[in-house]
Amino acid sequence: MGLQEDFEEHAEKAKTLPESTTNDDKLILYGLYKQATVGDVNTPKPGVFNMRDRAKWCAWEAVKGKSKEEAMSDYITKVKQLLEEAAAAGTS
């Protein structure tokens, strides 16, 4: 299986993560996903009162410069880690 297919498979698996997944972990996944699919952040930073979108923008900005392949690989690793943690906690 190629990296693209593996990435797409894990993007689907990420949708099954438990509710208990932390916002920090969700933001890491969001930033890596956007970097892998779009590239470097290409939108202006949302205003201070738009906290949700600002946090998402910052998560994406944090991985700026990563190659598409590196972002995909990191995303897959993070999804696997979160799924393993959920299984170990019995919340899958």
Side-chain angles (χ1 to χ4, degrees):
M1 180 184 301
L3 181 60
Q4 181 70 40
E5 292 82 13
D6 203 19
F7 174 75
E8 290 170 6
E9 179 184 317
H10 282 82
E12 284 302 310
K13 288 181 179 180
K15 295 176 185 175
T16 69
L17 289 169
E19 291 289 321
S20 60
T21 304
T22 67
N23 280 340
D24 286 345
D25 284 333
K26 290 176 185 176
L27 286 169
I28 290 168
L29 289 177
Y30 176 84
L32 290 169
Y33 184 88
K34 292 293 279 188
Q35 188 69 20
T37 57
V38 178
D40 286 344
V41 67
N42 59 3
T43 59
K45 189 174 189 176
V48 71
F49 296 109
N50 190 348
M51 289 186 265
R52 180 175 173 266
D53 289 344
R54 189 178 178 95
K56 290 168 73 173
W57 187 93
C58 289
W60 186 8
E61 173 74 9
V63 292
K64 185 176 182 178
K66 270 190 195 269
S67 70
K68 177 178 181 169
E69 293 75 20
E70 189 179 3
M72 284 184 178
S73 180
D74 289 354
Y75 181 89
I76 291 165
T77 300
K78 186 67 175 174
V79 171
K80 285 179 180 175
Q81 174 204 338
L82 292 171
L83 288 170
E84 286 170 11
E85 287 174 5
T91 59
S92 59

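Each residue takes its place number in the sequence, starting with 1.
Residues Ala86 and Pro18 share a closest heavy-atom pair of CB-CG, 3.6 Å. Shown here for Gly65 and Gln35, the closest heavy-atom pair between the two residues is N-NE2, 3.6 Å. Closest of all the heavy-atom pairs between Trp60 and Asp40 is CZ2-O, 3.8 Å. Scanning both residues, Lys68 and Ala36, for their nearest heavy atoms gives CG-O, 3.2 Å. What you find for Val79 and Ala14 is that their closest heavy atoms are CG2-CB, 4.0 Å. Across every non-hydrogen atom of Ala59 and Leu27, the tightest pair is CB-O, 3.2 Å.
Residues Lys80 and Glu84 are not paired through a salt bridge, judged by the lack of any N-O separation under 4.0 Å between the basic side chain and the carboxylate.
Of the possible donor and acceptor atoms, one in the side chain of Thr77 sits under 3.5 Å from a partner among the backbone N and O of Ser73.
Note on Met72 and Leu83: same hydrophobic cluster, where clusters join Ile, Leu, Val, Met, Phe, Trp and Tyr whose side-chain heavy atoms are under 4.5 Å apart, directly or indirectly.
Within the structure, the salt bridge (Lys or Arg N to Asp or Glu O under 4.0 Å) test picks out the following pairs touching residues 15-31 (sequence neighbours left out): Glu12-Lys15, Asp25-Lys78. For residues 46-66, the set of pairs meeting the salt bridge (Lys or Arg N to Asp or Glu O under 4.0 Å) definition, not counting sequence neighbours, comprises Lys66-Glu70, Lys66-Asp74.
Checked against ring-ring contact (aromatic ring centres under 6.0 Å, His included), Tyr33 has the following partners two or more places apart in sequence or in another chain: Phe7, Tyr75.
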